[in-house]
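Quick caveat, the model's predicted, so the values are computed rather than measured. In what follows, chains are A, B, ... by sequence order, proteins preceding strands, each numbered from 1.
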There are 2 protein chains.
Amino acid sequence: MVVADRLSPTSYVVLGTIALRGPSTSYDLKRAVGRSIGYFWHFPHAQLYSEPQRLVELGLLEAETEVEGRRRRTYRLTDEGLAELRAWLAEPTPEHFQMRDIAELKLFFNEVGEQGDVARLAREQVAAHRERIAVYEDMRTRYADLDAVAKRMITLRLGLEMEHAALRFWSALLDEVAEEESA
Amino acid sequence: MVVADRLSPTSYVVLGTIALRGPSTSYDLKRAVGRSIGYFWHFPHAQLYSEPQRLVELGLLEAETEVEGRRRRTYRLTDEGLAELRAWLAEPTPEHFQMRDIAELKLFFNEVGEQGDVARLAREQVAAHRERIAVYEDMRTRYADLDAVAKRMITLRLGLEMEHAALRFWSALLDEVAEEESA
DNA sequence: TCCCATACGGTCCGAAACAGACGGTGTGGG
DNA sequence: CCCACACCGTCTGTTTCGGACCGTATGGGA
């Protein structure tokens with residue numbers, strides 16, 4: 001799917017939010033975002049106006065212009081849009097510095113996806129965080145007795161704490177989901 | 001200090017790294033960043049070339065151009081640069097969605113700062129995370145029995161886990177630092 | 001010896017993203 | 001009737017981003 005690489009996280013926020021809420025105007029999106037994922041995912045409201053337009057051009061949304069009163073555009077998901085969103089949810093999450101964020105985003109929109117998506121995501125995340133923890137632990141032992149960098153180690157500790165917390169979360173989630181599936 | 005608002009996190013990464021390593025070329029920065037804070041703070045290497053130049057213009061760095069061989073520029077901190085960096089470390093960390101990142105950054109460079117900086121930072125962070133946790137808990141109880149959003153709650157759980165982890169870290173750090181100070 | 005692969009060191013540029021100022025349009029109340 | 005204010009949206013100049021691209025050394029294999 002070629003459109004996919006013209007899409008950014010913001011695109012999926014828009015698609016996902018419309019998928020959850022149904023047809024929406026930009027302002028609706030603005031408020032919805034502010035009250036929900038806006039808590040952990042930031043972007044300037046201006047993009048909530050330009051992004052849907054782009055998505056219309058890509059055929060993932062369709063716009064309907066109100067004639068009476070203020071001319072507001074209402075966007076609704078096309079079949080292609082829904083397909084794209086679901087494909088994204090089903091697709092492996094590229095490991096990356098922003099990994100946590102992307103994964104959170106996918107998790108947030110999970111209900112739009114398919115059965116196994118959450119489990120897959122969780123498995124990936126468990127693996128990724130384990131790996132990261134290994135890297136950090138390695139750094140820690142390697143520099144353990146270098147006084148010069150001792151002070152910097154503290155950041156590492158924070159990193160480890162966070163990684164462990166994430167790992168705990170995804171592991172627990174995986175367990176829950178696995179149980180459900182086998183039930 | 002008027003220069004301060006021409007500075008971005010990236011600027012402080014540059015200043016801080018040079019403060020820690022001593023005079024450095026852009027390439028040095030590139031590698032140093034890659035091996036240390038690059039693990040949790042991303043940016044494209046191109047900025048490690050343009051940013052120091054900007055900082056020279058602002059008087060926070062001075063450049064020395066090697067004549068023989070390849071013409072590489074070595075940057076060193078000026079007194080103003082060090083002052084600026086220390087001021088930043090001492091300054092309250094604006095609460096923000098990116099708060100965690102900024103705080104991590106300050107923590108990483110803490111050894112350049114003054115005595116009380118870490119404690120102050122930790123106190124701020126403890127307060128900020130507590131507040132955030134309160135907000136999340138509030139959301140949770142408020143939406144607790146709305147089936148419609150039940151699936152979305154899962155993200156909230158992740159958020160809470162992470163917040164708690166951060167809170168634990170900063171609290172522990174605060175204790176340690178406080179002990180040291182009173183000793 | 002010469003050539004090629006690879007690491008080093010750096011520049012450049014088009015495309016997004018960003019912050020946030022700005023500007024209309026309803027609407028309720030004094 | 002008019003003013004204040006919340007609503008809704010646009011626009012713009014600056015940064016940032018990713019990543020393609022380009023020379024220069026180096027060293028090791030043919």
* Might you point out which heavy atoms bring A/Leu156 and A/Met139 nearest each other, and give the distance in Å? => CD2-CB, 4.0 Å

* Minimum heavy-atom separation for A/Tyr12 to A/Glu84, with atom names? -> OH-OE2, 3.9 Å

Atom [atom1] of [X] and atom [atom2] of [N]: how far apart are they, to the nearest Å?
X: A/Tyr27; N: C/dG24; atom1: OH; atom2: C1'; result: 14 Å
X: A/Arg31; N: D/dG9; atom1: CZ; atom2: P; result: 10 Å
X: B/Asp28; N: C/dG10; atom1: CG; atom2: C1'; result: 13 Å
X: A/Lys30; N: D/dG9; atom1: NZ; atom2: C1'; result: 8 Å
X: B/Tyr75; N: C/dG9; atom1: OH; atom2: C1'; result: 12 Å
X: A/Leu29; N: D/dC7; atom1: CG; atom2: C1'; result: 16 Å

* To do: Tell me, please, which residues at least two apart from B/Tyr136 pass ring-ring contact (aromatic ring centres under 6.0 Å, His included).
  => none

* Structure fact -> Which of B/Arg168, B/Glu163, B/His164 passes side chain to side chain donor-acceptor pair (under 3.5 Å) with B/His129? It is B/Glu163

* To do: Choose from C/dT11, C/dC8, D/dT10 the nucleotide whose nearest atom is closest to any side-chain atom of B/Tyr49.
  => C/dT11

* Any luck finding a side-chain donor-acceptor pair between A/Glu104 and B/Thr155 under 3.5 Å? -> no

* To do: Look at the side-chain N and O atoms of A/Arg73 and state whether any lies under 4.0 Å from the OP1 or OP2 oxygen of D/dT10.
  => yes

I'd like a list of close polar pairs between nucleotides 11-17 of chain D and the protein, N/O only, cut-off under 3.5 Å.
unit_1: D/dT15; atom_1: OP1; unit_2: B/Arg6; atom_2: NH2; d: 3.4
unit_1: D/dC17; atom_1: OP2; unit_2: B/Gln47; atom_2: OE1; d: 2.5

* **Pairing of A/Glu64 and A/Arg73 as salt bridge, 4.0 angstrom limit** => no

